[in-house]
Amino acid sequence: MQSSWNTYSAEQTMARVLPYITFTVFLLVLSAAAQAGLGRTPDNEVKALREIGEQLKKKDWNFHVDPCDNDSSWVTEQSDSRPLYNNSITCNCSYPYGVCHVVKLFLKGQDLAGVLPPSLVKLPYLKTVTFLRNYLSGNIPHEWASSTELEYLDIGVNNVSGPIPSFLGSMTKLTFLSLSSNMFSGTVPHELGNLVNLEKLILSANHLTGELPVSLTNLTKLSILKISSNNFTGRMPDFFRSWKQLTKLEIQASGFEGPIPSSISILSNLTELRISDLLGNGSEFPPLNSMTRMNRLMLRSCNLSGPIPAYISQMTKLVTLDLSFNKLEENVPDLSGLSFLQFMFLTSNLFTGNIPNWITSRDSRYQIDLSYNNFSETSVPPTCTGSQNFFQSFSGQDNSLLAKCLKNNPCPKEQYSWHINCGGIATTIGNIEFEEDQDPAGVAKFVPVGNNWGLSSSGNFWDVDSTSKQYKATNVSILRMKNSELYASARLSPLSLTYYARCLANGNYTVKLYFAEIVFRDNRSFYSLGRRIFDVYIQEQLVLKNFNIENAAQGVDKAIVMEYKAIVRNKVLRIRFHWAGKGTTAAPQIGTYGPLISAISVEADFSPPGNSKMKILIGVGVVVSVLFLFFMILVILWWKGYIGGRISREKELQGLDLQTGFFKYRQIKAATNNFDAANKLGEGGFGTVYKGILLDGSMIAVKKLSSRSKQGNREFVTEIGMISALQHPNLVSLYGCCIEGNQLFLVYEYMENNSLARALFGSDEHRLTLDWPTRQNICVGIARGLAFLHEESTLKIVHRDIKTTNVLLDRDLNPKISDFGLAKLDEEENTHISTRVAGTIGYMAPEYALWGYLTYKADVYSFGVVALEIVAGKNNMKYRPNENFVCLLDWGLVLQQRGNLMELVDPKLGSEFNKEEAIRMIKVALLCTNPSPALRPNMSAVVSMLKGQIAVHELDMDPSIYGDVLSIRALKEQSAKILQQPVSSNEAESLIQSSDATWAGSSSISTQDLYSTNLDYQ
């Protein structure tokens, strides 16, 4: 009986408990599903994301998958390893029933050209929004007034305009607000004082006016405040007592008047203080003695007077001290105890006495600028070179100061002109020789050049690691202005750059300053949003205030020459370029600002004494010589048959706006040592390539076109015309050509590491060890070059023959696309180009090989094959794991279906490589080789995928499409029928045998060819 009762009791208990157990299990399952990312995004939020994408003009969101699925392309929040870019969302899936809500939206560096999306308010759980670095325009939409749950809002570096709306004050949960580097105007609304939880407020680089509202004193939690480069009015606000939590304060060129309020002393938590370019009256040094945590201190151009206070020596963590362009005086205090102090700028003050020994004894790790002061001459080191700039650091005659920095060399003779190609190589424009100026300069450096001139560079680029490359700019696009050699590079400075000419005869001079904005771009991208503003002084007289090159030249990559008159006394001319804190400093990226100068030309307005008669004689002689030379040229041209009706390659080249030079046959012959076989780099279908050395020592590669070459007049003119118009870091540079009689040559830049084919597949003596970062760099570089050809250059070009032999590697293993003999212009009015098929088996897209249907997607296909070869280290046509596989691509597709893509990776890489990047490269390669051109991405998207900026959209393909490939013979016959271009039997048989050999993996022509073999059939 007891047993029965126990059984009944247990059953009864189980009946009562079972519902609770079931419910608990249900909750656990829901929780697990949420944690695994299996939750579902509500339909209203998916719809909102669609609207947001349309308003932003973002077209790559994949709505075929749930936005909150962890395995989808949406949830890919990136690390800070690439701070310019981020393309992801974050969801919170901890809500009941496995529902996920979008809580963070990161769209950074996407070049979105829409507007700030009103539909943002339809994501009710959204807390973080970052639209940093895009091309968004318009105003902040009024719909955002209801976005009261936002905690983080960053729309910096865009093209947003209008006033700052007062309704932002209703977003009281905001802790971060950045509106920097936009076009906002008007006053700061007092409603921003309602953001009592705000910790970081960034309003720099706009056009804000008026005074700061007193209500900002309510922001007692502020830790970072940046309001630089605006047009505020009145004295600097005395709000510091309310901002005791500040750790970083930046007020550069804000429009405020001095002095700095003494209440700043209360900010004991400051680690970084930047105040510069205050207007109005000055003051003594502000009381900063409580700021012992200070790491970087700038009080530049603040009209400070008196001595540097001794308490600076108590800032033991100080790394950077910038007190330049003030009126500080007396002696420099002993700061030898500041062991972390790396940068110190005391430029342009009134310091006297001896230069302290603790400064002169510091090694090159310490960058110190004491130029423009009144130190004792005897304490100044005997040279101005090195990492410490003592130029003009003591009083005296200008010429004697410059002479000391130029090793006290006396002037050899008086000069009457001075021409510098700033930051560039020596070049001749007309009859004027511009001297080179290629020293890297630096943070605090005087650069002496010969006996006659030098330059003084002062300042470091804040917020970035200083490198020598930052002090010169190099153009990366095509320059079409007159005298483009002067603008291909330029000298940069983060603060002050002075050019000094010495030994000029006293008198009046004409000064020409050559400018072109070659850093910012002219496109719908955040690379076009920077504003470079600086001042120019000649003989310390201000001649340009708030100068903006882009505005003055009416665009980027456009030249403008500013002309001025100057008087030279004491035989010295000074031209100074100064950044006064205005403009953007983070567009397109942090550290982009400061004066930029391309060239300087100075000519006397008077003739040298005693030269008038000589000039007349020289002038007469020159005229006679020119007339005689012109007559002789006409006679030679007539004798050679170039005048009088002969149609030649020379005439075909007439009318081309070539950006190249013409070489003489004797120059080519001498450079290659009469085409010595030892200088032979390779041989292909269009001829032989030789290494050459010009008389100036520069290396060249010379393509000698074969008399049997199919590259006749048409291809020759095509290659010269196209390459001369193209300039990009990932395209090979054409230096010039040579046309003499039947001799045809193309002269290229010499590529030290030959072709990518040789580096990957060459013999043991030629093959290179390419680690993964190098392969990644090569692949991205090729993609960038193709993106330029397809989308960015003025001429839209389809290369038609992308393969590893047509990718060359320079000294640093940077890739450059070569051989444009088969390239076709992509005429925008045509959807495709119907053309005879020309290319290389194994790299040609199916629609092109079979049907002659040519678009830029054919290059995308070829790139996919090359990318696969890069990651696998194997030749597409020569690699067959067994008889079941046609090629490397076929094997890759099988591995994709098996889910084992890692088996494709080159074993020579070992285990030390970025597996995520390798898989991504393989997926991109397979996506590019999709049989349907419509499903292949464009090359700009490929670049973004390879760099991890956007997700790779995977499309499964049936590998059998490569298993039933038509024979080459059938392929040729089919193409001939389609294009109705009959092939002679002998030519067809010869071509078929040649291509069959390549298909089988052995070609009679070396695959080590620098400029490739092309299987050209019709």
Side-chain angles (χ1 to χ4, degrees), residues 685 710 786 790 798-803 806 822-827 830-869 875-878 880 885-894 925-938 955-985 987-1001 1003 1012-1018:
K710 297 171 195 167
L786 285 173
H790 295 172
V798 183
H799 187 282
R800 285 209 296 173
D801 200 23
I802 294 298
K803 56 184 177 181
N806 280 347
L822 297 180
K824 288 284 184 183
L825 291 178
D826 184 4
E827 303 171 19
N830 296 331
T831 56
H832 75 282
I833 304 169
S834 187
T835 177
R836 68 190 182 98
V837 179
T840 304
I841 295 298
Y843 295 90
M844 284 190 291
E847 75 279 3
Y848 179 44
L850 288 170
W851 315 112
Y853 184 93
L854 177 65
T855 68
Y856 69 91
K857 291 296 184 74
D859 282 350
V860 177
Y861 180 94
S862 302
F863 168 81
V865 176
V866 171
L868 207 61
E869 291 178 323
N875 185 289
N876 183 44
M877 295 305 302
K878 292 186 177 182
R880 299 182 67 185
F885 298 95
V886 175
C887 57
L888 175 66
L889 178 56
D890 186 24
W891 187 49
L893 292 170
V894 171
L926 296 178
L927 181 62
C928 290
T929 54
N930 194 290
S932 170
L935 295 178
R936 298 173 205 151
N938 59 36
L955 296 172
D956 289 333
M957 292 183 287
D958 182 0
S960 65
I961 61 174
Y962 294 97
D964 279 332
V965 177
L966 295 172
S967 69
I968 301 303
R969 184 183 303 271
L971 181 61
K972 293 177 185 296
E973 293 172 352
Q974 179 74 0
S975 297
K977 289 178 182 177
I978 294 167
L979 300 174
Q980 297 180 348
Q981 295 174 341
V983 183
S984 67
S985 57
E987 182 185 11
E989 187 62 32
S990 172
L991 288 169
I992 290 167
Q993 290 173 358
S994 173
S995 1
D996 283 342
T998 303
W999 184 266
S1003 173
S1012 57
T1013 301
N1014 302 279
L1015 300 176
D1016 196 19
Y1017 58 89
Q1018 56 183 20

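Nothing here was measured: the structure is a model prediction, and the numbers come from that model. These numbers come from the heavy atoms of this one structure, side chains and all, not from hydrogens, waters or symmetry mates.
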Can you give me the closest heavy-atom contact between A925 and G864, atom names plus distance? CB-O, 3.3 Å
Working for side-chain contact (heavy atoms from CB on, under 4.5 Å), residues D859 and H790: CA-CA 9 Å; D859 282 350; H790 295 172; 2.9 Å; yes
Closest non-hydrogen contact found for Y861 with N930 is CD1-O, 4.4 Å
If every non-hydrogen atom of C928 is compared with every non-hydrogen atom of V860, which pair is closest and at what distance? CB-O, 3.4 Å
Could you tell me which non-hydrogen atom of V865 sits nearest to which non-hydrogen atom of T929, and how far apart they are? N-CG2, 3.7 Å
Do the side chains of V866 and Y843 get nearer than 4.5 Å, heavy atoms only? yes
For the residue pair E847 and R936, what are the closest heavy atoms and their distance? OE1-NH2, 2.8 Å
Separation of E869 CD from C887 SG (nearest 0.5 Å): 9.5 Å
CG (L893) and CG (L888) are apart, to the nearest 0.5 Å, by 9.5 Å
Kindly give the heavy-atom pair with the smallest separation between L935 and L927, and that separation in Å. O-CD1, 3.9 Å
Does N876 reach the main-chain N or O of L889 with its side chain, forming a donor-acceptor pair under 3.5 Å? yes
